[in-house]
Asks: 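Can you read through this structure? Questions will come right after.
Letters A, B, ... are given to chains in the order of the sequence lines, protein chains preceding strands, and every chain is numbered from 1.
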Amino acid sequence: MAKKSGNRRDQLTTGQKRKISRLRKDLVRWYQVHGRDLPWRRDAAKEYEKICVEVLLQRTRAEVVATIYTSFFQRYPTWNSLAGSEISELEEVLRPLGLWRRRAQSIKSLATYAAEHDGVFPSVESELRGVPAVGQYVGNAILMFQHGQARPLVDVNMARVLERFVRPRRLADIRHDPWLQAAGQWLVQAGDPCEVNWAVLDFAALVCRARQPTCLECPVKARCKQGAGVISGRVGET
DNA sequence: AACGCGGGGCA
DNA sequence: TGCCCAGCGTT
């Protein structure tokens, strides 16, 4: 019989689990001091906004999304208003974010689904796959924000942190790398899943950046392959 | 597995 | 100029 469980190289070792658990603790601590105050994270933000904004955030800097956040949700305050919107108008509103044609279609079809289902999305991953514009990331966001499940927002940010701190991924596509997904899941397994996710995202955006990470001010540099260079004075890029 | 989508910020 | 940004659907 074909073995259906994943390759052993795709499983987390106990050492990796321990390392990731400590990372979670340290990043949450860092977040409580340095975390970003973004509008869709506030208590005032409706569940609709929290889910909808995930589409706005795709391949787009959070700071840019923040600049249109208020006007966007003033113009489209509900799933219904978005579902009934004019696609050309939606495109104009989304233009400053980039990816505006695709994004307008995605967000409207997502809204149409939501409007037809009273704003309730499936609570099972397999069924979520059938929802338009919902992939690995948005699916997990829905499971977390709407259904209270502990799910990792495994985007380019979380992937980069896990890869630098623990181990590089094996597959090019983040969505399909079993180890990466398992590592993300372990990361948000304890504590407040929302807070942990936001901690990782902010840490990745502000410290563990793609280009010129500021390892000198990194709270976990002592246990990081990259950060170890800083301690011995080798990474000091200018 | 690789590609297109896309405007804007930054070095 | 080239790289990168809270991804996804298609080929």
Asks: Which parts of residues 150-176 of chain A get close to DNA chain C, meaning a heavy atom less than 4.0 angstrom away?
Replies: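 DNA chain C contact set from residues 150-176 of chain A: A:Asp155, A:Val156, A:Asn157, A:Arg160, A:Arg175.
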
Asks: Taking the nucleotide of DNA chain C with the closest heavy atom to each, which residue, A:Arg209 or A:Val131, is nearer the 5' end?
Replies: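 Final value for this comparison: A:Arg209.
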
Asks: Name all residues meeting the salt bridge (Lys or Arg N to Asp or Glu O under 4.0 Å) criterion together with A:Asp192; count only those two or more places apart in sequence or in a different chain, and write none if there are none.
Replies: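 With sequence neighbours excluded, A:Asp192 shows a salt bridge (Lys or Arg N to Asp or Glu O under 4.0 Å) to no residue whatsoever.
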
Asks: Is the closest basic N to carboxylate O distance between A:Glu92 and A:Arg95 below 4.0 Å?
Replies: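 Result for this pair is yes, salt bridge flagged.
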
Asks: Quick one: closest heavy-atom pair of A:Tyr69 and A:Ala45, and the distance?
Replies: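 For A:Tyr69 and A:Ala45, the tightest heavy-atom pair comes out as OH-CB, 3.8 Å.
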
Asks: What contact category does A:Leu38 fall into here, base, sugar-phosphate, or nothing, at under 4.0 angstrom with non-hydrogen atoms?
Replies: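 The residue A:Leu38 makes base contact.
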
Asks: When hydrophobic residues are tied together by side-chain contacts of less than 4.5 Å, even through go-betweens, does A:Trp79 share a cluster with A:Phe73?
Replies: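 Same cluster: A:Trp79 reaches A:Phe73 through Ile, Leu, Val, Met, Phe, Trp or Tyr contacts under 4.5 Å.
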
Asks: Test side-chain contact (heavy atoms from CB on, under 4.5 Å) on A:Leu97 and A:Val64; report intermediate values, then the result.
Replies: CA-CA 7 Å; A:Leu97 301 187; A:Val64 179; 3.7 Å; yes

Asks: Can you tell me the distance, in whole Å, between the CZ atom of A:Arg95 and the P atom of B:dG6?
Replies: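 From A:Arg95 CZ to B:dG6 P: 9 Å.
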
Asks: Mapping A:Ser106 and A:Leu201 onto DNA chain C by nearest heavy atom, which one lands closer to the 5' end?
Replies: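 The answer here is A:Leu201.
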
Asks: List for me each residue that meets ring pair (Phe, Tyr, Trp, His ring centres under 6.0 Å) alongside A:Tyr113, sequence neighbours excluded, and say none if there are none.
Replies: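 Counting only residues at least two positions away or on another chain, A:Tyr113 forms a ring pair (Phe, Tyr, Trp, His ring centres under 6.0 Å) with A:His117, A:Phe121.
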
Asks: Using whole Å, report how far CZ of A:Arg102 lies from P of B:dG6.
Replies: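 It works out to 8 Å between those atoms.
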
Asks: side-chain hydrogen bond (donor to acceptor under 3.5 Å, both in side chains) with A:Arg18: which residues, sequence neighbours excluded?
Replies: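 Not a single residue meets the side-chain hydrogen bond (donor to acceptor under 3.5 Å, both in side chains) criterion with A:Arg18.
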
Asks: For DNA chain C, find the residues of residues 48-58 of chain A with a heavy-atom distance under 4.0 Å and give them by number; none if there aren't any.
Replies: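 DNA chain C contact set from residues 48-58 of chain A: A:Glu54, A:Leu57, A:Gln58.
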
Asks: A:Arg211 side chain N/O closer than 4.0 Å to the phosphate oxygens (OP1, OP2) of B:dA11?
Replies: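 For A:Arg211, the contact criterion (side-chain N or O under 4.0 Å from OP1 or OP2 of B:dA11) is not met.
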
Asks: Give me the distance, rounded to whole Å, that separates B:dA11 from C:dA6 when you measure between the P atoms they each carry.
Replies: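 Rounded to whole Å, the distance is 16 Å.
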
Asks: Output a table of donor-acceptor pairs, distance under 3.5 Å, between side-chain atoms of residues 201-208 of chain A and any protein atom two or more places apart or on a different chain; print 'none' if there are none.
Replies:
| residue | atom | partner | partner atom | Å |
| --- | --- | --- | --- | --- |
| A:Asp202 | OD1 | A:Arg36 | NE | 2.7 |
| A:Asp202 | OD1 | A:Arg36 | NH2 | 2.9 |
| A:Asp202 | OD1 | A:Arg41 | NH2 | 2.8 |
| A:Asp202 | OD2 | A:Arg36 | N | 2.7 |
| A:Asp202 | OD2 | A:Arg41 | NH1 | 2.8 |

Asks: In residues 62-71 of chain A, which ones come under 4.0 Å of DNA chain C, going by heavy atoms?
Replies: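 Nucleic-acid contacts, sorted: A:Ala62.
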
Asks: Mind jotting down which residue pairs meet the salt bridge (Lys or Arg N to Asp or Glu O under 4.0 Å) criterion with at least one end in residues 146-161 of chain A? Sequence neighbours excluded, please.
Replies: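 Output for this query lists A:Glu125-A:Arg151.
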
Asks: Could you tell me which residues satisfy ring pair (Phe, Tyr, Trp, His ring centres under 6.0 Å) with A:Phe165, sequence neighbours excluded, listed by chain and number?
Replies: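 Listed in chain order: nothing, the list is empty.
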
Asks: Chain A on DNA chain C: first and last contacting nucleotide, 5' to 3', under 4.0 Å to a heavy atom?
Replies: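 Terminal contacting nucleotides, 5' to 3': C:dG2 to C:dG9.
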
Asks: So, A:Thr78 side chain and A:Ser81 main chain: donor-acceptor pair closer than 3.5 Å or not?
Replies: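 Judged by distance alone, yes, a pair lies under 3.5 Å.
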
Asks: For residues 52-60 of chain A, which side-chain donor-acceptor pairs fall under 3.5 Å, sequence neighbours excluded?
Replies:
| residue | atom | partner | partner atom | Å |
| --- | --- | --- | --- | --- |
| A:Glu54 | OE1 | A:Tyr137 | OH | 3.0 |
| A:Thr60 | OG1 | A:Gln58 | O | 2.7 |
| A:Thr60 | OG1 | A:Arg103 | NH1 | 3.4 |
| A:Thr60 | OG1 | A:Arg103 | NH2 | 2.8 |

Asks: Sequence neighbours excluded, which residues qualify as ring pair (Phe, Tyr, Trp, His ring centres under 6.0 Å) partners of A:His147?
Replies: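 A:His147: no ring pair (Phe, Tyr, Trp, His ring centres under 6.0 Å) contacts found.
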
